[in-house]
Every structure is written in structure tokens, then in C-alpha cells.
Amino acid sequence: MQRIGVFVCHCGSNIAATVDVAKVAEMALMEPGVVHAEDYQYMCSEAGQAKIAEAVHEKNLTGVVVCSCSPRMHEATFRKAAERAGLNPYMVEIANIREHCSWIHKDMEEATKKAVILMRAAVAKVNLNTPLKEGESRVTKRALVIGGGIAGIQTALDIADAGYEVDIVEKTPSIGGRMSQLDKTFPTLDCSACILTPKMVEAAAHEKITIYTYSEVEKVSGFVGEFTVDIRKKARHVDMDKCTGCGVCQEKCPSKKAPSEFNRGLNKRSAIYTPFAQAIPNVPVIDCDNCIKFKTGKCGICAKVCQAGAIDYEQQDEILTEKYGAIVVATGFDTINLEKYDEYAYSQSPDVITSLELERVMNAAGPTHGHLERLSDGKAPKEMVFIQCVGSRCSDDRGKSYCSKICCMYTAKHAMLIRDKYPDVNVTVFYIDVRTPGKNFDEFYRRAVEQYGVNYIKGQVGKVIPQPDGKLLVQASDLLDNQQILKEADMVVLATAIEPNPDVRKIATMLTASIDTNNFLTEAHAKLRPVESPTAGIFLSGVCQGPKDIPETVAQAGAAAVKAVGLLAKDKLMTNPCTAHADELLCNGCSTCENVCPYGAITYEEKEVNDHGIREVRRIANVNNALCQGCGACTVACPSGAMDLKGFSNRQIIAEVDAICR
Amino acid sequence: MFKIAKENLAALFRMIAKNQELYLPVRTAGQVNFAAWSEDAKVDLDTLKSVKSPKDAFFPQSEGLYTVKKEGKKMKVEPENLKDQPFVVFGMKACDVKGLEVLDRVFLSDPVDTFYAARRDHGTVVALACHEPEETCFCKVFGVDAAEGAADVAAWMIEDELYWKPLTEKGDLLTETVKELLSEADEGKVEEEKEAIHRITERLPYMNLSLEGWNGDALSEKFDDPRWEELYKPCLACGTCTFVCPTCQCYDIKDYDTGRGVSRYRCWDSCMYSDFTMMAHGNNRTSQMQRFRQRFMHKLVYYPANNDGMYSCVGCGRCVEKCPAALNIVKVVKAFQNQGGEN
Amino acid sequence: MGSEKKQAEMIREISGVNPLKCMKCGKCSATCPSFNEMDIKPHQFVSYVINEDIESLVNSKSLWKCLSCFACVERCPRDVKPGKLIDAARQLVVRQKGQDYLSADEIPELLDPELPQQLLVSAFRRYRR
Amino acid sequence: MQELKDRARELLADGTVKRVLGWKIGDLPYNPEPAYFETEESLKDFVYNGFCGANLSKYMIEASKLDGKTMVCLKPCDTYSFNQLMKEHRVDREKAYIAGVGCKGKLDIEKIRKQGIKAIERIEGAGICDEAETLKIQTVYGEKTCAYADAMLERCHVCKGKEHKIYDELIGESKETADADRFDEVAAIEAMSPEEKFAFFQKELSKCIRCNACRNVCPACSCRKCVFDSTKFDSSQKANVDSFEEKMFHIIRAFHVAGRCTDCGECSRVCPQGIPLHLFNRKFIKDINELYGEYQAGEDTGAKAPLTDYTFEDAEPSIVGKRG
Amino acid sequence: MSIEKKEFRPKIVAFCCNWCSYAGADLAGSSRLGYPADVKIIRVPCSCRVNPMFILRAFEKGADGVIMCGCHPGDCHYSTGNYYARRRMTLLFSMLDYIGVENGRTRVEWVSAAEGVKFSDTMNEFVEKIYSLGENVRLGDLRCRS
């Protein structure tokens, strides 16, 4: 039996004006287990807390009920007070007689009656409380960043600058990501490479940063503070240590038919290649699917021309196993597949291109060396049409329901750049809405209209019809003039919706990080914890969490880094003691709990149990206290009632129910 | 010997129920069980066996013992009242009447179970002969005569008339209260009916079951027999056999928190349940085999050992009909007849 | 007023379209082959339904100018499908005139082998109860 | 049946299986019992006929703990239960040699008795090789006949189909028996007024004697220790009291197996009081199908159970009031 | 009406998740948005912690109405808890309706920490409903009455 002390707070007149606090204390003494009850002006004051300590000592209390304000307000205060008095802090329960009683009721008798019932429920619960102890777990002082785009690079730099080791795992042969493919950036028209390359170099040179390019995360186990990650380093067939990056191999490679990923397939590259000139590391990889040596066994020219002897056809994939305390996901995005948008003739005409393709066309290192020209015949276009919201804001299954956020701004940028460089080219933008929230964004868009004479028409394009003469007939509506427009264009640019990198699903599963219906990773709280995943120790950086532009990405990357550093800075993690646990005699090992656990905290083990004399090996659920956040989903899913939640046990809640219904 | 026309039975029941409670077989939602008579109750005297035996009338499945009321920190104990009004159970079969004898020996011997004793004192039993016994019946094995129940009143339903014969003082008293509805009759038809029942009884497959070797002395021989290990296997550990049985007498005592106090009640228990006779240290019988064995050993060995050789099975056959796994006491007895002791 | 409201309700019900989903992108009008002959343009249909001005809609030229080509139905990004709305308005008119008497059994007789498939399908949609 | 017996003998003889889990002939014409056969000799008592209604998949929980393989005879509907138990890691596929046995509908002795047929001596026509058209029943009170379909268990009239969902080999023929819609009874109750519904269930459930047969026979109720037998929820109650506690028992039980119940119908088959317990489980199945998409527990071992799954657009609980 | 209310004071249990609804109730309190004292709140970490058995238990012990509040779908602190809760409660309520318990006695409402007004409105509405339904006679255990 517990020895419970009940302390009723007046909260000045906040409670005492509507609740007969003395009566509540008097009634408390009638409850089973209650050996002490008193009321006091301000329980949260020094003196009030001292009263608790005093009673704990004098009456040998094992449990405390404070009838006061919301536990969200002072639960921590009273728990600490109890702890100082030598009581386990989790032996304290709060009866909320202010927010849930005195403040919402006017009739004293009624409010007092209710306060008594709330007190009873709390007493009933404390009668079943057991001391709980926070767990501790170690923190490996090293972070992993998945993805080497601007988000990943920035996060890694910030973590490394704070003094912690960081590894970047990048799937492609070079870090740099999408940003490296961009020509200019809005709203200042900086050259993308000019601002990105220094960061790439800095990351590569940073002593705390290790970069694994052409590598993928293969397996993740463990939990916050102690993840174990297998990284597959794909065979490059080029020795990183020997290669000097001279580029001769690429020049001499006879196979030059592979579409260049970096240029969005608009031109070709050699089978041995670095994606772009500023690639980091500046070490090529051999694309085995296109390499003559790998396909036929003959050739081997690259090995012959390599003076460093870096070519190694025998190289195999390598698996590294590393431990990390925190993981940041920065997997970025891709544009959606336009297969389902026949009406825009993307697959029918090479002159219908996506905006990202236009970036490459405009770029000096791109397929047209920076000249704006039609990809079909190389002619300079006279009429350019931009179509907005292609695949964004769709409620059907062809596109995405969300706004891709960056298109309005980059289209303004494109239009402006084209009008600036080629003043004789007419640019028309068909839009549904122009969305420009952001510092200097609307000014930028207005500049495109006012200064550069870009023609913005409100109305979506219905169809793009390739004409026999190579022109593109654009059928659209002008909603403001209530006209249907037929416009001949030389090039059409589609502001294609962006979607999370398709690999993110696989990664989210490995991390047990939750993902939304659009494959964006879910943040722990939409407003208050936007860079943390609900899974402890996993942080989100960049577009993997939702569409964003470069400044936002960099800001979020920094925020994710700070959160990760905050975790790495700790020597030990205190874990929430209100976690689930399975009664091994009741557990069926049926896996139902595992299926509802959002944190992957439940695993199974074959364990010998002694069930009242029957010894057998059973499959039994095991909750990892470091991962469990105490939501209780498993406790209800469990058919046998084996799973229970400390601090909110079945019997405790039932005791509260009983006390209220009494 | 009296008789009453079948169409007047409703009047008879009404008259009995005027002064006391009357329990009789009533059909509810397709099943016949003993229940209190009311004007709109569907009385069913044609169905041979009620699902549950009528032992409820004397030993209810659940009955309150006392209530503890809380007043502040003080407790007040309020015992449940004993049965103090007379009641009638109409339509019990001979086997069920014999079942009462089995219960009597348990509950009326020292220490007397006052709840049961009060019910026995106030209850009058009218036994109805089994007009058409069935293949699951084996009452004869236990010396029960399906044609005439050893109750306070014996009754027979013959064609359109109910024959009524008081056998005890209580029976006479009851007869007095309904005399105006009864008319005198001779025994001729009843004798014929009895013979007819006996003839059918002879033809029923279980009636000549031999209980040789089952007695109070057979304890260790039967207890250690390896056949139990096989016999129990299909058993689902449900309580059907025990809850339909007219002689099973085990009960558990439980508390229920009503919020204002605690009511202590007793309810039937089943030796098939894993928490049967569970004690603080654990359980005496840890396996289903042991619990399964307990039931039959109790009926055919332990009980006879303590009760002058009387078995605590009356051959009603309810367990035969209702076991979900088609197990029953007859199969057990037969299993032991085959090839002596070894397996 | 009340009947207008009911009619708007019916149009929603027959078409299965929620006009509130429209984001006014104009893709329907952009794609409509009869645009120039219409007095009420496809993208405006929704407003008439939302504003419960069914009278104007059923009296418009557009009602009978729609070719039921379903280009708008196909391309609408918001699942609003003005073509369905106009078709529902037509059904409303047909029903009001009490002409929904055609039963499935009568169709074979009326069938002209030259009729385009599309028209048949459209007819079935209209006469289905 | 001979084929099945021969196959069992072969498998025992060649050591593929250590034992056979099937049915042993009863001492009355209709009461074969589930049994293990470990020797070829013991198979002489093996029987498989229309009265072999028991779902043996639950016995495989214990059999999975034994040494060696067990040949288990599973009817089409039983295989759903086996799959479900496998999904919940309660049976070991490696320990089972599944003989998918044919089924022509299983018989319910209670239905025969309901027709006034009693003192049964012999029943012809219940064999699995028979046409399953008519039963000829010899009784002490004369010979009676009964249409096979009229003596069939309720569940066979709404059979999910005679396809075995998991097996090692198939033995014997089946005959389709479904002639009613599985959810008709549920729909009829849904259409009642609250008062009628309450009266209906009150009447049925007041018969409950809390014998736990429904629970103990249920393959989904495979918990090592049932919540009703543990003190975890303070719900351990044996009594059959007149208040609603009994109903609580059945709601809770149905909820515990919701999304896991394969609708094998064993609960209704074994209830000594003939309570149509399947009406609870089927209500959940119907709701799940209607609200979350068709789901048949035990159809496979992969699909996510409806109660451990969700979509953003799931119906709100208020739909209950709106459906009217 | 007021006389009736004196005779029948319902017992109403409200399960509120710690992160949204309990905070919503706190906000209702600090905004002085009243609702009848018949409602008593039990704090649970998440709506997915509410076992249907708790709700049945409340009814068994004499509650006249049970309401569960949680974060809005998509806003769960534990990301998915309320989705499971939503399915569980839908099925449970449907079953209670099926056996003839008035469906107005059970309710689920999603209340965020910012929705003090909604919390108070919901409770007022729910209590009103329970008053109109009267005492819960169908699910309560007879022994708990007196």
C-alpha cells in the first residue's frame, strides 16, 4: 500500500475562489492510501514545495498528489521537489483543478465536487504508480549525412565546424547535387557554380569531413546515439588514390554514346566520366553498362592511356560499417516523369523541355555551350513559351497535390535572363498564380514584367501541338480577357513539378523515419520541430522534407546541423522512462505491436521463459527503451495485453476511469 | 395419482406461480433452459434436455455472498439474504433430480452451505418422466430410472394429459395448492408409459456402459494410467462440460468493485480452466492433462471414495452433446475398457 | 431561389463533381474546341454552379455547344471536369422536360450503326437513372 | 477418405511426418474427435466425414512445439486460419505437412436435432465420398431423412470458397456449398432500430454461460494467456451475471480478433447455447471491408492487418452516426 | 429542462492526448471557456493509448458518455498514433451502435492545442447530447447502480 500525501493548491484565488480547497483536502483523507492532506496558498512556491518535502519526511510518503494547475505547467516542478525530498519523481501525479475545473466553472459546490473527483482519480493512479528511472544511452560523436547536394554539404560543414566528425554519403560520382546543374540562382542572379564550388571544395578539404561518393547507404540498425550503418562503396574502377584527374581517359574513351546525366540526357558523355568539370572528387568512374571493356572484354584504352595506372577493372564494391550518433537525411529531389502529360508534347518534340533542361541549355558547360537554341534544329528561337504548374497542384493521379514552390521564381529568372541576353526573343509565361513570397522575390518577378517585358498571361495551357514546320502551336486560355489563345512558339519550357528523390522511400524504411503520401519525410512537428524526424536522432535537411529554394535549404541545413550537434554534444542521453514493455509471460510474439510502432523500437527475440513451471523457448517482443517514445500504440494493438506502458499502465488508466465513474 | 389436461397446464403454472416462484423449461432464442415462469414465457416440455441443467435453481451460476460498503474510511458488511420464500422447479428429469442428491452430499454435509441449504429447504421439485430418451442418455448406468424421478412430485406427460403423483410431504403440500385443477387418475396409463420408456432405454447405445474398475479404490491405478496423456489432447479447456453438468459443484469466490464498495460473489468454476484452484504459489495442476483427468477422476473415483461408492455422474449426457471437441465421460470410460491397463 | 439551390445540388449529384475544387487555372478553356462558340466559357461553369445560377447555365448557348469531347475532363488537374458539369446540366433539362423515358430495351431499335461510339456512351450517361 | 488414410499411412511410413492430426471415429454416428495418429496401426480409427467440422489449425500451435512434422488435415476454410496463425508466428510452417482435404459442407448435429430427429443410431450419407444430397438417419423412433444442406453449419452456407490457401498436397473433392450472402444477417441487424438491436442481442447473449468454448476454439484467440484470465485489465470474470458484463465479454473478444478473424465460424459451431457469435466478427469484417477496403484475414501471410494500417483519408468515427 | 438536469447528472469521461487535446482543454480553461462539470478528463500520452477496453470499462462502471480527443490527423506528436486510434474507435463505435447502444454516447473529436474554443464547444455539445439521451442503461453493470 502506498502512503500518499495530497496537496491542494489555492493558486491565490484562481482555484480557491471557486473550489473549496479545504474540503478537497478533507475528502482526500477518505481515500485509500492517503495519509496526509493539506491545502496551501501557492504549492509551486518555495514554501509550498517545502511542504511537500516536509510531509514526505514526516509521514514517510511514497506518493504525492498535487491538486493544482495543469501538469503541463508544474508537473516538472513538483516532480523535482519530490525528487529533492528523496522520492522518485514519477511517484507524483497532478490533479488539474485549475484549467479543468476552477477556471471553467462558476458554481462552488459543483466545482468542488468535480475537484474531489479529479483528486480521487489522481490518488487512484498514484496507488498504482511505480518508481521509474530514466535510462541512459551512449552517444557516438559522429554524424552521417545522406546526400551530397547543397543541403548535405551545408549540414556537414556546419556540424564539422562545430568540431564533430561527419561523413557524407553521395550516390552519384560527385557531390554538388541539383544546385551544380543550375546556371544562375534567383533572386540575385548569382552564378550557381560560383557560389557552390567553394563550398564543395571546403567540404572536401575539411579535416572533420569524409566524403563517400558513388556510395549508398545499405543498412541501418541501432538507435539514437548509436546507429550502425553499412555503406556500399560502389566500384569506380578507378583508384581514387592514384588518379590525378588529368581527364585523358575521358578524352580517349571510344564509347561516347551514354546520355549525360548531368546534362539531363541532352548530350552524350564517355563511358569513363566525371559528371562535370568541377566534380569533387575529380576522379572519373567507369559506367560498366556502356564500357566496351566490360561489355565485350576488349578495349582497355583508358588503362593504356592512364599514366597514373589508376584504372582497375577488377575493383569490387566495398561495404563499410560505421557508427554514428546522428543521421541527417538530405536526399533532395528530382523532376517528375512527364509520361502522363501527353498534351504538352514533351515526348514528341525536342523543343519542349523542362526548366531543369533549360538550365543546362543556358549553361556555358551545357550541351549548347550556353547558346539558347532549339534542340531540334539548333536555330535560335524567336518565341518562347513557359508553362507553369506542370504536374504541381493536381488532385488527380497524374501529378502532385502540392505546389513545387520554386517554379514561379526560376521561371521569372529564366524569362529575365533570356530577355536580357536575347532581347529579340519574345517570352510568354502562362501561369495560374504567381507565388512570390520571399525576400525580394516579388520585386524580382515584377522586374521581369516591368523591366524585361515578359508577357505573363493568366491561364493554363491546354495543349501543345507540334506543327509540320517544326513550330509548336500552343493552345491556351487568357482568363482575364476571357479569350482562347493560339500561339506559335519555337520552344516551350515546362515548369515541371519536383518530387522527393525516389530513393528516399528505401532510406526512410531503413531509418524508420516516417514519410508522407508524397514521399516527403515527415517532420516531428510541423511548426515546432521542422528539421527533426519523429524518429529520434534522424534530422531532415533540404527538399527531402518539402519543396524549398536554395536559401531555405541552406537555412534548414544549418538548423538540422544545430540539432545534430545538440545531440552529439551530449555524453549520454537520458531516455523517457514512460516506455512500453512486454510481459514475457503474456507475449504471443505475434508481431502486431511491431507493425504499429512508429519508431521501430520493437524487435523480437527467441527467449527461454519459465511460465509457471513450463520452460520453453518463445518468440518475445523486446522494446528498445532508447527508441520508444511512449505513445502506447503497441499497448492497444497487443491482443493479450502483454504490452503495457510505464507511467500510463492499463491498470492505472482503468483506476482513473473507475474513480471518475464512481 | 392425479392428472390434468395438457391445455390446462398454463392455468396450473399460473396457479403455482401465484404464491411462489416457478422455474421450468423455457425456450429463449432457440434454446431451452430453466427460467422463471411468466405469462409470455415459451414453456417447452417437449425438449428432453435443457442446455444447462436445472441445478441453477439451487446452486446458481453466480450468487452474491455479501457486500462491503465504504463509508469514509470505515467498512460496513451487508450479508446477502438467504432464500426464505418457497419455490417450485417443474420439469426436472430423473437424472437431474439424482444430480441434486450428488450436490446435497457436498453442500449439506458439514460444514453446511447455508445458501444451498436454504434453497433446498424452500424448493419443491416436480420431476417429469423422459417420454423419449435419446442416444446420449446413460442414466441407467447410475441407477437412475428415466421413467420416474425421485422428486417431490413425479409427473408424466402421456398424450394430452399430465399425470401427477406426489411422493413427499412437500409434494403433497404443492398438490394441495393446485388441487382444484387436478383430477384423480389411476396408474394404468403411467405403468404403460414407464414400460415403454424402459423398452426404449434398453435400445439406447450408452445405457449398458460398464463402470467396472471405476470406484473409490481405483485411485492410483487410474491416476497413473498413461491413457490420460492421449485422451486429453483434443480438449479445448473450455468449461462447457462443467457448466452444463447437473453435478459439478466447484465454485470460485470473487470480488467486484462497484465503486461504492465491493460485492463478494461466488460463481461456478471449471476444473478445465487454467486458473482452477490457483493459489498464491501457483497451480496444483499445471497441465491440461491433469485438469482433464481431475474431472473424470472426481466423478468416478474421488467422489465415490468419499460417498459410499456413489458416483457424481448421473448420465444425463449433456456433456456428450455439447463438448466442442466431441469428448465425453463415456469415451473416457470406454477407453479404459479396451485392452486392460497397458497402452 | 429554393429550386435553384436544389438544381445546383442535383448538378453536383449527377456529375459527381465538387466545383469547389476548381483552382481557376483555365486549362479547360484552353483545351476546349468549342470555346469560341460558347457564351459561358468552360472555366466559368463552376462559378455558375457555385453561385447556384443554374437558370443562366441551362439557357446558355454553351449548354448545347459542348461537344462532349471530354478534353477538359481528361486534362483538368483538379478533378473538376467541366464537361461533366455541362453534361449534368443537360440531363437536368432533359429530366425537366420529362424525356427520360428511354429504357434500355428500346435502344436496339433506335440504334443507327453509323452513330459514333462516343455519342452512344453519352446517350447512355444521359438516360441512366 | 481411403485416399486420405492411405496417404497418411505412406507419409508416416516414409518418415515424412511423425504424426497425423485428423479425426478419430466417434462412438456415436456424429461425434468424431480431433486426434493425433502416430502409428500406421492407429490409423484404423481415422475418419473424415461431414461431421469433421473442427478447425484443426489451432491444434498446430501445440503441434509446432513437437519434434518432427505433423501432417494436418485442413479444410479450405481452415487454411485461412493457418495462414493467419503463421502471420502471427504462432505456428511453424516447417513443422506442418498440410493435407488440403476436400469439403462438401460440414454438418451440424444441432440442426438435425432441431428437426426433431433424436435417439440417433446410424447416419448414412455423411461420408466425404457421398453425394452430399440427403442424409438417411436411423433412430430408435424410426428412420428419418434430412437434406444435407439443411443439416449444414451456418458457415458452410456462406462459404468463402473451396480453394485451399496453403497446402502441401490436396486430397479429395469438394463441392461448393455457398448459397447465401455472408453479410445478409449483419445487414438485417444493422437495419433494425436501436431498441430492436438491443433486444435481439440481449436475448441471445443472456443465454451465454461464459463457458469460454468460443474463445478456446477460436484460432485467432491464440493468446498464451487471455486478457480475461490475466489481471492486467482487471477483467478476469467468470460469472455469468444478468447485467451487461456478458455482452462486454463478447464485444471485447470480437474486438480483439477484429482484422484477424478469418470468419471460420468455429465460435458459433461450438456455442452450447447456439448463440450466433459470428454476427459480431462479421460485423467487424463488414465494416472493415466497407471502410478500409476488402480484407480477408488469412488470405495470405503478407498483407497489413486493417487495425495496424491506416490512410490519411480514413473515415472519421462520426461516420457511425451518419450512416443512419 | 432545469429540473430534469437536477435529477440526472451524467458521468462523462474524456480521454485527451497529452500533446494536443489536453493542451486544448488547458487553453479552454485559461480562456475561461466554460463547459459542464460533468466532464472529467483523463490524460493519456496519445489517442492511440486509448484501449477500447477503457471505454467499455467506463460504460460498465456507469459512465453515460465517453469522448476521446486527439491531435488532428496528420498532426500526431507520434506521427501515426491518431490514425490507429481513428480506426479502432470507428470500429468500436460501430459495434456499440450495432448492439443497440445509442451512438451519441460515444464521440471522437480532434482538438489541437490552439483550439480551446473548439474543446469547450465540443464538450458543451456532447454534454447536451448526453442529457438528451439520458442515463446509460444498456451498458452499465447493474451492480454499479444504487
Side-chain angles (χ1 to χ4, degrees), chain B residues 28-31 33 35 46-48 51-52 60-64 132-137 200-201 203-206 230 233-244 251-252 254 256-257 265-270 272-275 288 318 320-328 330-331 334, chain D residues 21 23-24 26-36 38 51 54 58-59 62 109-110 113-114 116 118-121 139-141 200 202-207 209-217 225-226 229-230 234 236-242 245 266 269-276:
Chain B
T28 315
Q31 303 289 323
N33 285 286
D46 300 328
T47 301
L48 183 73
V51 178
K52 251 171 136 182
Q61 178 154 15
S62 155
E63 82 183 306
E132 288 186 330
E134 296 174 7
E135 76 280 11
T136 50
C137 299
I200 293 163
T201 308
R203 290 180 56 192
L204 295 174
Y206 282 176
E230 285 310 307
K233 279 203 174 134
C235 177
L236 296 171
C238 74
T240 307
C241 50
T242 48
F243 287 179
V244 297
Y251 61 81
D252 198 358
K254 293 198 159 268
Y256 183 83
D257 183 356
Y265 64 98
R266 72 166 169 197
C267 57
W268 294 352
D269 203 347
S270 169
M272 297 291 141
Y273 288 172
S274 57
D275 61 350
Q288 193 55 28
R318 285 188 178 88
V320 179
E321 281 185 17
K322 294 296 180 187
C323 176
L327 296 176
N328 60 61
V330 179
K331 281 187 178 175
K334 285 181 180 170
Chain D
L21 176 52
W23 293 267
K24 189 168 133 190
D27 59 348
L28 292 171
Y30 54 78
N31 70 347
E33 70 197 57
Y36 292 96
E38 295 193 337
F51 287 103
K58 193 176 185 183
Y59 288 93
E62 286 306 310
I109 186 64
E110 291 296 333
R113 289 198 181 112
K114 280 249 159 69
K118 48 190 171 182
I120 296 165
E121 293 177 306
T139 80
V140 173
Y141 305 110
F200 173 82
Q202 176 98 320
K203 205 167 175 187
E204 286 293 347
L205 293 173
S206 63
K207 294 185 294 183
I209 58 173
R210 195 51 201 282
C211 66
N212 291 316
C214 49
R215 178 190 78 180
N216 291 13
V217 80
K225 197 168 184 69
C226 175
D229 292 347
S230 78
D234 198 10
S236 174
Q237 298 284 341
K238 277 177 191 157
N240 162 36
V241 288
D242 292 332
E245 189 220 315
E266 284 286 89
R269 179 182 71 88
V270 302
C271 179
Q273 289 280 26
I275 303 171

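Within every chain, numbering begins at 1; the chains are lettered A, B, ... in the order of the sequence lines, protein sequences first and strands thereafter.
Of the two parts of B:Asp46, only the backbone, made up of N, CA, C and O, holds a non-hydrogen atom closer than 4.5 Å to a non-hydrogen atom of chain D. Of the two parts of B:Ser270, neither the backbone nor the side chain holds a non-hydrogen atom closer than 4.5 Å to a non-hydrogen atom of chain D. If you measure heavy-atom distances from D:Lys58 to chain B, you find no contacts under 4.5 Å at all. Residue B:Thr242: no heavy atom, backbone or side chain, is found under 4.5 Å from chain D. Residue B:Tyr206 touches chain D through its side chain alone, counting heavy-atom pairs closer than 4.5 Å. Of the atoms belonging to B:Glu132, heavy atoms from both backbone and side chain fall under 4.5 Å from chain D. At a 4.5 Å heavy-atom cutoff, the contact between D:Ala213 and chain B is made by backbone and side-chain atoms alike. No part of B:Pro60 comes within reach of chain D, as not one of its non-hydrogen atoms sits under 4.5 angstrom from that chain. With a threshold of 4.5 angstrom between heavy atoms, D:Pro32 approaches chain B through N, CA, C or O but not through any side-chain atom. Proximity to chain B is absent for every atom of D:Phe51, based on heavy atoms less than 4.5 angstrom apart. In this structure, chain B has a heavy atom under 4.5 Å from the side chain of D:Arg269, while its backbone stays farther away.
Inspection of the B:Tyr273 and D:Asp229 side chains reveals no N or O donor paired with an N or O acceptor under 3.5 Å.
Looking only at heavy-atom pairs under 4.5 Å with chain D, the residue among B:Asp252, B:Asn328, B:Val330 that has the most is B:Asp252. Counting heavy-atom pairs closer than 4.5 Å to chain B, the top residue among D:Asn31, D:Val217, D:Thr139 is D:Asn31. Residue with the most contacts toward chain D among B:Pro133, B:Cys241, B:Gly30, B:Ser274: B:Pro133 (heavy-atom pairs, distance under 4.5 Å). Between chain B and the options D:Glu110, D:Glu121, D:Lys118, D:Glu204, heavy-atom pairs under 4.5 Å are most frequent for D:Lys118.
Looking at every heavy atom in both residues, B:Pro234 comes nearest to D:Pro34 through CG-O, 2.9 Å. Here the shortest heavy-atom pairing between D:Asn216 and B:Ala237 reads ND2-O, 2.6 Å.
With rounding to the nearest 0.5 Å, the separation of NZ in D:Lys207 from CG in B:Asn33 is 8.5 Å. Going from atom CG of B:Leu236 over to atom CD of D:Glu266 covers 8.5 Å, rounded to the nearest 0.5 Å. Note: D:Arg210 CZ to B:Phe243 CZ = 8.5 Å, rounded to the nearest 0.5 Å. Atoms NZ and NZ, on D:Lys24 and B:Lys331 in that order, are 7.5 Å from each other to the nearest 0.5 Å. Expressed to the nearest 0.5 Å, how far CG of B:Leu48 lies from CZ of D:Arg113 amounts to 10.5 Å. Separation of atoms CD (D:Gln273) and NZ (B:Lys52) is listed at 7.0 Å; rounding is to 0.5 Å.
Residues D:Leu28 and B:Val320 are in side-chain contact: their nearest non-hydrogen atoms beyond the backbone lie under 4.5 Å apart.
Counting non-hydrogen atoms of other residues, nucleotides and ligands closer than 6.0 Å to NZ of B:Lys233 gives a total above 12.
For D:Ala119, the side chain to side chain contact (heavy atoms under 4.5 Å, CB included) test picks out B:Glu135, B:Leu204, D:Val140, D:Tyr141, with sequence neighbours left out.
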